[in-house]
Colleague: 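After the structure tokens below, expect a handful of questions from me.
Heads up: numbering here begins at 1 and tracks the sequence.
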Amino acid sequence: MRPLALIAVLLAFAGSAAAADWPEFGYIPSRQNVGPAKTGITALNVAKLHRRAIQLDGTVDSSPIYVGGVIYVTTTYGRTEAIDGKTGKVLWRYVPSTYSSYASSAQITNMTPIADPDRTAIYAGAPDGVIRKLAIATGKQLWATKITRDPTHEKLTSSLNFSRGLVIATTGGYIGDAPPYQGHVVTLSPKNGRIAHVWNSLCADRHAIIQPSTCDASDSAIWARSGAVVDPTTGNLLVATGNAPYNGSTHFGDSVIVLSPDAARMLGHWTPGNAEELNAADLDLGSTAPALLSGGYFVQGGKDGKLRLISMRSLKDVLTVATPGSTDLFSAPAVWKGTWVFVADSAGTDAWRLSGDSLHQVWSNSTGGNSPVVAGGLLYIQGSGGIHVYNPASGHEITVLPCGDAHWQSPIVVDGRVIAVEGDANQHLTSGTLDIYS
């Protein structure tokens, strides 16, 4: 697809995200991490924003969403809360009935919730392995569906998605990779929570949620921040898997998988030639997800410090470059105008631009961070002591908004506000901080 054509498709895709909303991680189902063109925040006033720090009764180690002036977050122990974007007042709080059984333990979630396109409900996950539909105005539970038979080993870690009338969820494993678990993709009916389809990345010949101990292989977590990425042209789903065996028929560790829009069928996959080495060295390909570019390409990073340019048509890699500092990539790249790619990790930030079938580095720095976000013509990256705000084309740092430590979080920028959360799920705290800059 030509760059201008892809941009047109993405603009149409963004129609479900109202200008004053940020309804999901990455802003739209294709996970471009590019928000509204106008936010009320510019290079001239961003340094003048004032921070309000709001104490929460849980750590939010994911990203907030924003609908109709209200901020929605899910804490690491599954509390989902609605917070007034102006006053910081908690409007409602949903607490799973299972909360006390895992609070303060290592059984956590990093799943970012998502708003239904009709804006009447949000969907959220919890450490009990359950996806819940909650009324957006009151937090009342409308349905609840369990998407794992062993939530003590299979973790709800990646962000939820919604496409073509289906809620899309993925599963991973917990820190330390304690078996047994199998990364899988689940699609659900938004009407009643009924499971539509399941695709298992191990024991892929079984098309239902399985007891992890009954599969002859373990791991293959689908744990990137983006979870399932939606191709805006076809509706197909792209996921990246982590360390596990690969045999090309039933086991698909360390691979990029293309699924049908409902996750009923695998349409293709890309697996690096050194997948066995990645598995042996704990260098998950799936530490990050595919990031879609124009021209029929996507980039795929990993814990091996490499960023690969891959053709969507042939599912073959055409170019490999290094991540910042050649280190592990855990964040989701931002793709701006179809051809710009912003990549951040613990070692720094790089800006690349696609030209033909090649990537050219435009700028680079040594300031690390989490998933980059572009909104209102500015680039925001949380980490390294604050939220760093850049001119995306030049890399010039405009300002740094003060912020506490972050782990998986990335900010959202909408309705005249920068909204961010702080903390680390692995500290197992039942408190946290929400920052509103306005």
Side-chain angles (χ1 to χ4, degrees), residues 16 23-25 29 65 67 72 74 78 80 94-99 109 111-172 181-212 214-215 221-223 226-231 234-239 257-267:
S16 61
E24 64 178 288
F25 178 83
I65 62 172
V67 179
Y72 299 89
T74 297
T80 296
Y94 174 83
V95 183
S97 60
T98 52
Y99 176 84
T109 184
M111 182 174 272
T112 297
I114 188 169
D116 190 287
D118 69 8
R119 303 299 193 262
T120 64
I122 65 170
Y123 305 91
D128 56 6
V130 174
I131 304 297
R132 293 174 172 87
K133 182 179 184 177
L134 307 175
I136 203 166
T138 64
K140 177 183 177 181
Q141 179 180 297
L142 303 177
W143 55 250
T145 301
K146 200 165 191 174
I147 64 167
T148 171
R149 296 185 184 277
D150 185 358
T152 65
H153 288 94
E154 293 189 332
K155 177 185 175 186
L156 305 192
T157 187
S158 299
S159 305
L160 286 165
N161 212 334
F162 192 111
S163 178
R164 300 201 176 191
L166 292 169
V167 180
I168 306 162
T170 66
T171 67
Y181 64 91
Q182 292 84 32
H184 53 273
V185 181
V186 183
T187 55
L188 306 98
S189 165
K191 181 179 180 180
N192 53 28
R194 183 174 300 137
I195 292 175
H197 295 284
V198 179
W199 183 81
N200 293 297
S201 62
L202 299 174
C203 291
D205 54 337
R206 300 168 65 181
H207 303 288
I209 295 174
I210 63 177
Q211 183 67 36
T214 65
C215 182
I222 301 173
W223 62 289
S226 293
V229 176
V230 179
D231 183 328
T234 64
N236 293 337
L237 311 180
L238 284 80
V239 297
I257 308 296
V258 183
L259 301 174
S260 61
D262 58 1
R265 295 175 295 118
M266 187 178 77
L267 304 178

Colleague: Judged by atom type as modelled, is there a donor-acceptor pair below 3.5 Å linking the side chain of T170 to the main-chain atoms of G227?
Modeller: no
Colleague: Which pair of heavy atoms, one from M111 and one from A169, lies closest together, and at what distance?
Modeller: CE-CB, 4.5 Å
Colleague: How close do E154 and Q182 get, heavy atom to heavy atom, and via which atoms?
Modeller: OE2-N, 2.9 Å
Colleague: At their closest point, which heavy atom of C203 faces which heavy atom of I210, and how far apart are they?
Modeller: CB-CD1, 4.3 Å
Colleague: Sub-3.5 Å donor-acceptor pair from the side chain of T187 to the main-chain atoms of D262, do we have one?
Modeller: yes
Colleague: Looking at P190, is its backbone amide N or carbonyl O close enough to the side chain of K133 to form a donor-acceptor pair, meaning the two atoms are under 3.5 Å apart?
Modeller: yes
Colleague: Do T109 and P127 touch side chain to side chain, with heavy atoms closer than 4.5 Å?
Modeller: yes
Colleague: Given the rule in the side-chain contact (heavy atoms from CB on, under 4.5 Å) test, do Y123 and W143 qualify, once you have shown the distances and angles that lead to the verdict?
Modeller: CA-CA 10 Å; Y123 305 91; W143 55 250; 3.6 Å; yes
Colleague: Can you see whether D150 engages Y181 through a side-chain donor-acceptor pair at a distance of less than 3.5 angstrom?
Modeller: no
Colleague: L259: what forms a side chain to side chain contact (heavy atoms under 4.5 Å, CB included) with it, not counting sequence neighbours?
Modeller: V185, W199, L237, I257, A263, M266
Colleague: Looking only at heavy atoms, which two atoms of V67 and A115 are closest? And how far apart?
Modeller: CG2-CB, 3.7 Å
Colleague: Considering all heavy atoms of both residues, which atom of T80 and which atom of A124 are nearest to each other, and what is their separation?
Modeller: OG1-CB, 3.4 Å
Colleague: Rounded to the nearest 0.5 Å, how far does CG of L142 lie from CG of L134?
Modeller: 7.0 Å
Colleague: Using a 4.5 Å cut-off on heavy atoms from C-beta on, say whether the side chain of L156 contacts that of I131.
Modeller: yes
Colleague: So, using side chain to side chain contact (heavy atoms under 4.5 Å, CB included) as the criterion, who are the partners of P151 when residues are at least two apart?
Modeller: Q107, K146, T148
Colleague: Within the side chain of S189, is there an N or O that forms a donor-acceptor pair under 3.5 Å with the backbone of R194?
Modeller: no
Colleague: Any heavy-atom pair between the side chains of D128 and P96 that's under 4.5 Å?
Modeller: yes
Colleague: If we only count heavy atoms from C-beta on, is the P29 to F162 side-chain gap below 4.5 Å?
Modeller: no
Colleague: With rounding to the nearest 0.5 Å, note down the distance linking OG in S163 to CG in N236.
Modeller: 9.5 Å
Colleague: Quick check for you: to the nearest 0.5 Å, what is the distance between I136 atom CD1 and D116 atom CG?
Modeller: 8.5 Å
Colleague: Can you measure from CD (E24) to OG1 (T112) and round to the nearest 0.5 angstrom?
Modeller: 10.0 Å
Colleague: Passes side chain to side chain donor-acceptor pair (under 3.5 Å), R206 versus T214? Steps please.
Modeller: CA-CA 11 Å; R206 300 168 65 181; T214 65; 3.1 Å; yes
Colleague: Quick one: pull up CG in D231 and CG in L238 and give me the separation to the nearest 0.5 Å.
Modeller: 6.5 Å
Colleague: Which residues pass the side chain to side chain contact (heavy atoms under 4.5 Å, CB included) test with V198, sequence neighbours left out?
Modeller: H184, V186, I195, N200, I209
Colleague: Find out whether H153 and P212 are in side-chain contact, i.e. whether some heavy atom of one side chain is under 4.5 Å from a heavy atom of the other.
Modeller: no
Colleague: Supply the atom-to-atom distance I222 CD1 to T171 OG1, rounded to the nearest 0.5 angstrom.
Modeller: 6.0 Å
Colleague: Check whether any side-chain heavy atom of S260 lies under 4.5 Å from a side-chain heavy atom of H197, and answer yes or no.
Modeller: no
